[in-house]
Amino acid sequence: MNVFIIHAHPEPKSYSSALKDTALNYFENSGNKVIVSDLYKMKFNPVGDKNDFKKLSAEVFFKYQTEQVNASKNDLFSDEIKIEMEKLLWADLVIFNFPMWWFSVPAIMKGWVDRIFAMGFSYGAGKGVYAEGIFKTKKGMLCVTTGGPESAFKENGRNGDIDKILFPINHGILYFVGMQTLPYFIVYGAARLNEVERETKISEYETHLSKIKEMNILY
Ligand SMILES: Cc1cc2nc3c(=O)[nH]c(=O)nc-3n(C[C@H](O)[C@H](O)[C@H](O)COP(=O)(O)OP(=O)(O)OC[C@H]3O[C@@H](n4cnc5c(N)ncnc54)[C@H](O)[C@@H]3O)c2cc1C
């Protein structure tokens, strides 16, 4: 299996980074191929704009999706974007590994999605969405750390239901482009846990990863 991990944490010694390394080691040691896009390490530019394209179809009025479609048809994406797109095409399993920032992914990861899940490449312009999506043979999974404790992410918790918070990412991004979404792995209150609890969660993540083949698909 080809595994592509997209990782967004500015600190290599962070717990989120340890989870990324856990998945990397787990899959490599079990005979799979792994590629990691460590977005901060790459200094990935998250801003989608005219620089995404080698040439524009319209110089007067810039419409991002129109240019994405044009670039998809005419091989006009910048090299930086093409490299990430190739990784995506190669992958059987795509893991988004990140700390929850403002109920979402860090901006650097959102920008990666804006630029790489381009119209014409991953959806639209003749390509379907959701169950008809272009990436329907791929699996997608989220690995998330949070600041808040698990109790805060229940239906009646102060942050609200975690499934609703992750819906825009899991459904609106991964499933939108067709991926079969796997149950996510969450470490709640990562910074509040003690050393033993954190190590236990790392083992639980390895167990989670070992069950991927038999997991039910969420969407
Ligand atoms: C802009 C912003 C917005 C945010 N918005 C939200 C929000 O909406 N909701 C929310 O709940 N939280 C939010 N947070 C908090 C954030 O989600 C948490 O701080 C983050 O998820 C904690 O994970 P971490 O990897 O950064 O933890 P870290 O602080 O890096 O890790 C915790 C501890 O684990 C230790 N550690 C590292 N590796 C290992 C290992 N292998 N084994 C054991 N221990 C290890 C580290 O040394 C550290 O002491 C926000 C934070 C920011 C900066």
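As the structure lists them, so they are numbered: ligands from 1, and atoms in each ligand from 1. Computed from a prediction, not measured in an experiment: that's the story for all the values here.
For ligand 1, the atoms closer than 4.0 angstrom to any heavy atom of Pro99 are 20 (C), 21 (O). Using a 4.0 Å cut-off to heavy atoms of Gly148, the atoms of ligand 1 that qualify are 10 (C), 11 (O). Taking a cut-off of under 4.0 Å to the non-hydrogen atoms of Phe103, the atoms of ligand 1 that pass are 7 (C), 8 (O). Close contacts between ligand 1 and Ala191 involve ligand atoms 32 (C) [criterion: under 4.0 Å to a heavy atom]. Against a heavy-atom cut-off of under 4.0 Å, Lys13 is close to the following atoms of ligand 1: 37 (C), 38 (N).
Of the possible polar contacts, one joining the His208 side chain to the Pro183 backbone as a donor-acceptor pair under 3.5 Å is found.
Under a 4.0 Å N-O distance rule, the pair Glu28/Lys33 does not qualify as a salt bridge. Remark: Lys63 does not engage Glu67 in a salt bridge, criterion side-chain N to carboxylate O under 4.0 Å.
The heavy atom nearest to atom 52 (C) of ligand 1, considering only Tyr188, Trp102, Trp101, is found in Trp101.
For ligand 1, the polar-atom distance check finds no N/O of Ala190 at less than 3.5 Å from any of the ligand's N/O atoms. Checked against a 3.5 angstrom limit, the closest N/O atoms of Tyr15 and ligand 1 fall inside it. For Asn159, no nitrogen or oxygen atom sits less than 3.5 Å from a nitrogen or oxygen atom of ligand 1, counting backbone and side chain alike.
There is a protein heavy atom closer than 4.0 angstrom to atom 17 (O) of ligand 1.
In this pair, Phe167 and Tyr219 present their aromatic rings perpendicular. The plane angle is above 60°, beyond the 30 to 60° band.
Contacts between Ala18 and ligand 1 below 4.0 angstrom, taking non-hydrogen atoms only, involve the side chain exclusively. For His9, every heavy-atom contact with ligand 1 shorter than 4.0 Å involves the side chain, none the backbone.
For the side-chain contact (heavy atoms from CB on, under 4.5 Å) criterion with Phe103, the lone passing option out of Asn159, Thr146, Leu166 is Asn159.
Using a 4.0 angstrom heavy-atom cutoff, Phe153 counts as in contact with ligand 1.
Remark: the Ser37 side chain and the Lys87 side chain contain an N/O donor-acceptor pair separated by less than 3.5 Å.
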